[in-house]
Amino acid sequence: MLEQLVQLDIELFLYLNNLGSTSWDAFWMFYTTKFYWIPFYAVLLFLIFRTRTPKLFLITIVVIALMVLFTDQMTNVFKKVLVMRLRPCHDPTLEGLMRLVKPNCGGQYGFFSGHASNSMAVAVFSGLLLRFKYKYFIFLMLLWSAAMGYSRIYIGVHFPLDVVCGMAFGALSGFLFYKLDIYLQHRFRVR
(Lines give C-alpha, C1' and ligand atoms only; values in the text may rest on other atoms or scores of the structure.)
Protein backbone atom coordinates (compact mmCIF):
# COMPACT_ATOMS: atom_id res chain seq x y z
CA MET A 1 0.00 0.00 0.00
CA LEU A 2 2.73 2.46 0.99
CA GLU A 3 4.74 1.56 -2.11
CA GLN A 4 1.71 2.24 -4.32
CA LEU A 5 1.17 5.61 -2.64
CA VAL A 6 4.81 6.55 -3.16
CA GLN A 7 4.61 5.46 -6.81
CA LEU A 8 1.48 7.55 -7.36
CA ASP A 9 3.21 10.49 -5.69
CA ILE A 10 6.19 10.15 -8.04
CA GLU A 11 3.92 9.93 -11.10
CA LEU A 12 1.91 12.99 -10.01
CA PHE A 13 5.15 14.87 -9.34
CA LEU A 14 6.51 14.08 -12.80
CA TYR A 15 3.24 15.13 -14.41
CA LEU A 16 2.99 18.45 -12.52
CA ASN A 17 6.69 19.23 -12.73
CA ASN A 18 6.82 18.60 -16.47
CA LEU A 19 3.86 20.92 -17.10
CA GLY A 20 6.33 23.75 -16.54
CA SER A 21 7.92 25.76 -19.30
CA THR A 22 10.83 28.15 -19.46
CA SER A 23 8.43 31.05 -19.95
CA TRP A 24 6.96 30.43 -16.45
CA ASP A 25 10.19 29.46 -14.65
CA ALA A 26 11.10 33.00 -13.57
CA PHE A 27 7.62 33.62 -12.14
CA TRP A 28 7.63 30.44 -10.02
CA MET A 29 11.20 31.03 -8.86
CA PHE A 30 10.16 34.53 -7.78
CA TYR A 31 7.03 33.15 -6.07
CA THR A 32 8.90 30.47 -4.13
CA THR A 33 11.65 32.81 -2.84
CA LYS A 34 10.83 33.87 0.73
CA PHE A 35 12.83 37.10 0.50
CA TYR A 36 10.45 38.61 -2.06
CA TRP A 37 7.49 38.16 0.30
CA ILE A 38 8.84 40.53 2.98
CA PRO A 39 6.56 43.43 1.86
CA PHE A 40 3.58 41.05 1.93
CA TYR A 41 4.44 39.99 5.49
CA ALA A 42 4.84 43.65 6.46
CA VAL A 43 1.31 44.37 5.17
CA LEU A 44 -0.02 41.38 7.14
CA LEU A 45 1.62 42.68 10.30
CA PHE A 46 0.19 46.14 9.66
CA LEU A 47 -3.32 44.71 9.26
CA ILE A 48 -2.92 42.78 12.51
CA PHE A 49 -1.47 45.86 14.25
CA ARG A 50 -4.61 47.82 13.35
CA THR A 51 -6.73 45.32 15.30
CA ARG A 52 -4.74 45.48 18.55
CA THR A 53 -3.24 47.77 21.14
CA PRO A 54 0.57 48.00 20.99
CA LYS A 55 0.90 45.71 24.04
CA LEU A 56 -1.37 43.04 22.57
CA PHE A 57 0.32 43.39 19.18
CA LEU A 58 3.66 42.53 20.80
CA ILE A 59 2.10 39.37 22.23
CA THR A 60 0.90 38.43 18.75
CA ILE A 61 4.39 39.08 17.30
CA VAL A 62 5.89 36.69 19.87
CA VAL A 63 3.25 34.06 19.06
CA ILE A 64 3.94 34.42 15.32
CA ALA A 65 7.69 34.06 15.91
CA LEU A 66 7.10 30.93 18.01
CA MET A 67 4.77 29.50 15.36
CA VAL A 68 7.29 29.98 12.54
CA LEU A 69 10.09 28.59 14.70
CA PHE A 70 7.94 25.58 15.64
CA THR A 71 6.88 24.73 12.08
CA ASP A 72 10.41 25.25 10.80
CA GLN A 73 12.02 23.05 13.45
CA MET A 74 9.39 20.32 13.18
CA THR A 75 9.98 20.27 9.43
CA ASN A 76 13.65 19.59 10.11
CA VAL A 77 12.81 16.81 12.59
CA PHE A 78 10.60 15.08 10.02
CA LYS A 79 13.08 15.59 7.17
CA LYS A 80 16.32 14.68 8.89
CA VAL A 81 15.31 12.30 11.68
CA LEU A 82 11.93 10.65 11.19
CA VAL A 83 11.31 10.21 7.45
CA MET A 84 14.47 11.00 5.47
CA ARG A 85 12.79 10.85 2.04
CA LEU A 86 15.01 12.10 -0.75
CA ARG A 87 13.97 15.23 -2.58
CA PRO A 88 13.02 14.51 -6.20
CA CYS A 89 16.09 16.39 -7.40
CA HIS A 90 18.30 14.08 -5.28
CA ASP A 91 16.54 10.88 -6.37
CA PRO A 92 18.79 9.14 -8.93
CA THR A 93 15.80 7.24 -10.40
CA LEU A 94 14.28 10.56 -11.55
CA GLU A 95 17.41 11.90 -13.22
CA GLY A 96 16.56 13.08 -16.73
CA LEU A 97 12.80 12.71 -16.11
CA MET A 98 12.17 15.94 -14.21
CA ARG A 99 12.85 19.65 -14.47
CA LEU A 100 15.00 21.31 -11.80
CA VAL A 101 14.39 25.04 -12.12
CA LYS A 102 16.54 26.08 -9.15
CA PRO A 103 20.29 26.38 -9.66
CA ASN A 104 20.75 23.92 -6.76
CA CYS A 105 18.56 21.30 -5.16
CA GLY A 106 18.77 22.18 -1.47
CA GLY A 107 19.07 19.72 1.39
CA GLN A 108 19.07 16.00 0.72
CA TYR A 109 15.69 15.26 2.29
CA GLY A 110 12.32 16.82 1.52
CA PHE A 111 9.49 15.32 3.61
CA PHE A 112 7.70 17.52 4.47
CA SER A 113 7.97 20.91 2.79
CA GLY A 114 8.97 23.77 5.07
CA HIS A 115 7.67 26.34 2.57
CA ALA A 116 4.28 24.60 2.54
CA SER A 117 4.07 24.25 6.33
CA ASN A 118 5.22 27.79 7.10
CA SER A 119 3.03 29.45 4.49
CA MET A 120 -0.05 27.46 5.53
CA ALA A 121 0.57 28.24 9.21
CA VAL A 122 0.76 31.95 8.36
CA ALA A 123 -2.34 31.66 6.14
CA VAL A 124 -4.49 29.95 8.76
CA PHE A 125 -3.21 32.06 11.66
CA SER A 126 -3.64 35.43 9.92
CA GLY A 127 -6.86 34.37 8.18
CA LEU A 128 -8.47 33.42 11.47
CA LEU A 129 -7.10 36.47 13.24
CA LEU A 130 -8.44 38.89 10.65
CA ARG A 131 -11.66 37.09 9.66
CA PHE A 132 -13.90 39.47 11.59
CA LYS A 133 -12.48 42.52 9.84
CA TYR A 134 -11.90 40.99 6.37
CA LYS A 135 -14.53 38.31 5.76
CA TYR A 136 -12.95 36.53 2.75
CA PHE A 137 -9.32 37.18 3.63
CA ILE A 138 -8.69 33.59 4.75
CA PHE A 139 -9.59 32.30 1.27
CA LEU A 140 -7.03 34.62 -0.31
CA MET A 141 -4.43 33.42 2.20
CA LEU A 142 -5.22 29.75 1.56
CA LEU A 143 -4.89 30.31 -2.19
CA TRP A 144 -1.55 32.08 -1.65
CA SER A 145 -0.32 29.15 0.46
CA ALA A 146 -1.52 26.52 -2.05
CA ALA A 147 0.36 28.34 -4.81
CA MET A 148 3.45 28.39 -2.57
CA GLY A 149 3.16 24.62 -2.21
CA TYR A 150 2.72 24.15 -5.96
CA SER A 151 5.80 26.29 -6.60
CA ARG A 152 7.89 23.70 -4.74
CA ILE A 153 6.70 20.96 -7.08
CA TYR A 154 7.10 23.17 -10.15
CA ILE A 155 10.73 24.00 -9.42
CA GLY A 156 11.51 20.32 -8.72
CA VAL A 157 12.39 20.23 -5.02
CA HIS A 158 9.33 18.52 -3.45
CA PHE A 159 6.92 15.71 -4.19
CA PRO A 160 3.17 16.43 -3.91
CA LEU A 161 2.93 14.43 -0.65
CA ASP A 162 5.72 16.57 0.81
CA VAL A 163 3.60 19.62 0.04
CA VAL A 164 0.23 18.20 1.16
CA CYS A 165 1.64 16.90 4.45
CA GLY A 166 3.47 20.19 5.02
CA MET A 167 0.27 22.12 4.40
CA ALA A 168 -1.69 19.86 6.78
CA PHE A 169 0.94 20.29 9.49
CA GLY A 170 1.02 24.04 8.85
CA ALA A 171 -2.77 24.34 9.03
CA LEU A 172 -2.83 22.51 12.37
CA SER A 173 0.03 24.64 13.68
CA GLY A 174 -1.59 27.86 12.51
CA PHE A 175 -4.86 26.90 14.23
CA LEU A 176 -3.16 25.92 17.51
CA PHE A 177 -1.04 29.08 17.62
CA TYR A 178 -4.15 31.13 16.82
CA LYS A 179 -5.80 29.55 19.88
CA LEU A 180 -2.67 30.33 21.93
CA ASP A 181 -2.78 33.95 20.77
CA ILE A 182 -6.48 34.27 21.68
CA TYR A 183 -5.77 32.80 25.11
CA LEU A 184 -2.84 35.17 25.74
CA GLN A 185 -4.77 38.16 24.41
CA HIS A 186 -7.55 37.42 26.88
CA ARG A 187 -5.15 36.89 29.79
CA PHE A 188 -3.28 40.15 29.21
CA ARG A 189 -6.38 42.16 28.31
CA VAL A 190 -7.91 41.34 31.70
CA ARG A 191 -4.89 42.63 33.60
Side-chain angles (χ1 to χ4, degrees), residues 9 13 17 28-49 52 57-91 100-130 137-138 140-185:
D9 191 34
F13 166 77
N17 176 259
W28 287 109
M29 274 305 299
F30 174 86
Y31 198 94
T32 201
T33 304
K34 291 179 182 180
F35 174 77
Y36 297 126
W37 288 101
I38 291 173
F40 178 73
Y41 297 134
V43 169
L44 278 179
L45 288 175
F46 176 72
L47 292 175
I48 293 168
F49 174 77
R52 299 188 162 12
F57 178 68
L58 287 176
I59 292 167
T60 299
I61 292 292
V62 170
V63 171
I64 291 170
L66 290 172
M67 177 183 70
V68 171
L69 179 67
F70 174 75
T71 57
D72 206 47
Q73 293 310 304
M74 288 307 294
T75 298
N76 287 331
V77 167
F78 273 85
K79 280 182 185 178
K80 298 174 183 174
V81 179
L82 298 177
V83 178
M84 297 187 296
R85 182 183 188 194
L86 290 175
R87 289 178 183 265
C89 45
H90 283 303
D91 187 337
L100 178 61
V101 178
K102 276 181 80 170
N104 60 13
C105 185
Q108 188 174 10
Y109 303 117
F111 185 87
F112 51 84
S113 167
H115 277 72
S117 66
N118 284 333
S119 66
M120 186 55 79
V122 168
V124 169
F125 181 86
S126 62
L128 289 173
L129 211 59
L130 296 170
F137 184 70
I138 192 163
L140 176 67
M141 292 303 295
L142 293 174
L143 181 63
W144 165 77
S145 178
M148 185 64 70
Y150 174 73
S151 74
R152 307 306 288 165
I153 298 166
Y154 182 96
I155 66 170
V157 296
H158 282 291
F159 289 105
L161 275 178
D162 301 346
V163 170
V164 169
C165 292
M167 291 173 78
F169 183 83
L172 179 63
S173 299
F175 178 75
L176 293 175
F177 279 89
Y178 164 75
K179 288 293 193 180
L180 175 63
D181 186 65
I182 295 302
Y183 170 77
L184 293 173
Q185 295 289 323

For this session: Would you indicate whether the side-chain heavy atoms of Val62 and Leu184 approach each other to under 4.5 Å?
Result: no

For this session: For residues Ala147 and Trp28, report the shortest heavy-atom separation together with the two atoms involved.
Result: O-CZ3, 3.5 Å

Exercise. Listed by chain and number, what are the ring pair (Phe, Tyr, Trp, His ring centres under 6.0 Å) partners of Phe169, not counting sequence neighbours?
Worked result: Phe70, Phe112

Exercise. If you round to the nearest 0.5 Å, how far is CE of Met84 from CZ of Phe78?
Worked result: 13.0 Å

Problem set entry | Short side-chain to backbone donor-acceptor contact, Asp9 and Leu161, under 3.5 Å | yes

Exercise. Above 12 or not: heavy atoms from other molecules or residues under 6.0 Å from NZ of Lys80?
Worked result: no

Pairs under 3.5 angstrom only: tabulate donor-acceptor contacts from the side chains of residues 36-48 to other protein residues two or more places apart or in another chain.
residue : atom : partner : partner atom : Å
Trp37   : NE1  : Tyr31   : O            : 2.7

Exercise. Can you tell me if His115 uses its side chain to pair, donor with acceptor, with the backbone of Thr32 under 3.5 Å?
Worked result: yes

Exercise. Roughly how far, to the nearest 0.5 Å, is CE of Met120 from OG1 of Thr71?
Worked result: 12.0 Å

Exercise. Any idea which heavy atoms bring Gln108 and His90 closest together, and the distance?
Worked result: CA-CD2, 3.4 Å

For this session: Starting at CD of Gln185, measure out to OG1 of Thr60 and round the result to the nearest 0.5 Å.
Result: 4.0 Å

For this session: Identify the two heavy atoms, one from Ile153 and one from Asn17, that lie closest to each other, and give their separation to 0.1 Å.
Result: O-ND2, 3.1 Å

Seminar exercise, completed: Taking every heavy atom of Val157 against every heavy atom of Arg87, the minimum-distance pair comes out as O-NH1, 3.1 Å

For this session: Indicate yes or no: at least one non-hydrogen side-chain atom of Asp181 is less than 4.5 angstrom from one of Arg52.
Result: yes

Seminar exercise, completed: Interatomic distance, CG@Leu69 vs CE@Met74, rounded to 0.5 Å, equals 11.5 Å

For this session: Test Ser117 against Thr75 for side-chain hydrogen bond (donor to acceptor under 3.5 Å, both in side chains), laying out the working first.
Result: CA-CA 8 Å; Ser117 66; Thr75 298; 3.2 Å; yes

Problem set entry | Trace of the side-chain contact (heavy atoms from CB on, under 4.5 Å) decision for Tyr154 with Val101 | CA-CA 8 Å; Tyr154 182 96; Val101 178; 4.1 Å; yes

Exercise. For Cys89, which residues count as a disulfide bond (SG atoms under 2.5 Å apart) partner, sequence neighbours excluded?
Worked result: Cys105

Problem set entry | Nearest atoms (heavy-atom pairs only) where Ser145 meets Ser119 | OG-OG, 3.0 Å

Seminar exercise, completed: Smallest heavy-atom separation, Val163 atom then Ala116 atom, equals O-CB, 3.6 Å

Exercise. Given side chains that start at C-beta, do those of Met67 and Val122 come closer than 4.5 Å, heavy atoms only?
Worked result: yes

For this session: Using the test side-chain contact (heavy atoms from CB on, under 4.5 Å), find all partners of Leu128 that sit at least two apart in sequence or belong to another chain.
Result: Val124, Arg131, Ile138, Phe175, Tyr178

For this session: Not counting sequence neighbours, list each pair that qualifies as a salt bridge (charged side-chain N to carboxylate O under 4.0 Å, His left out) and has a residue in residues 146-171.
Result: Arg85-Asp162

Problem set entry | Pairs meeting criterion salt bridge (charged side-chain N to carboxylate O under 4.0 Å, His left out) with involvement of residues 114-129, two or more places apart | none

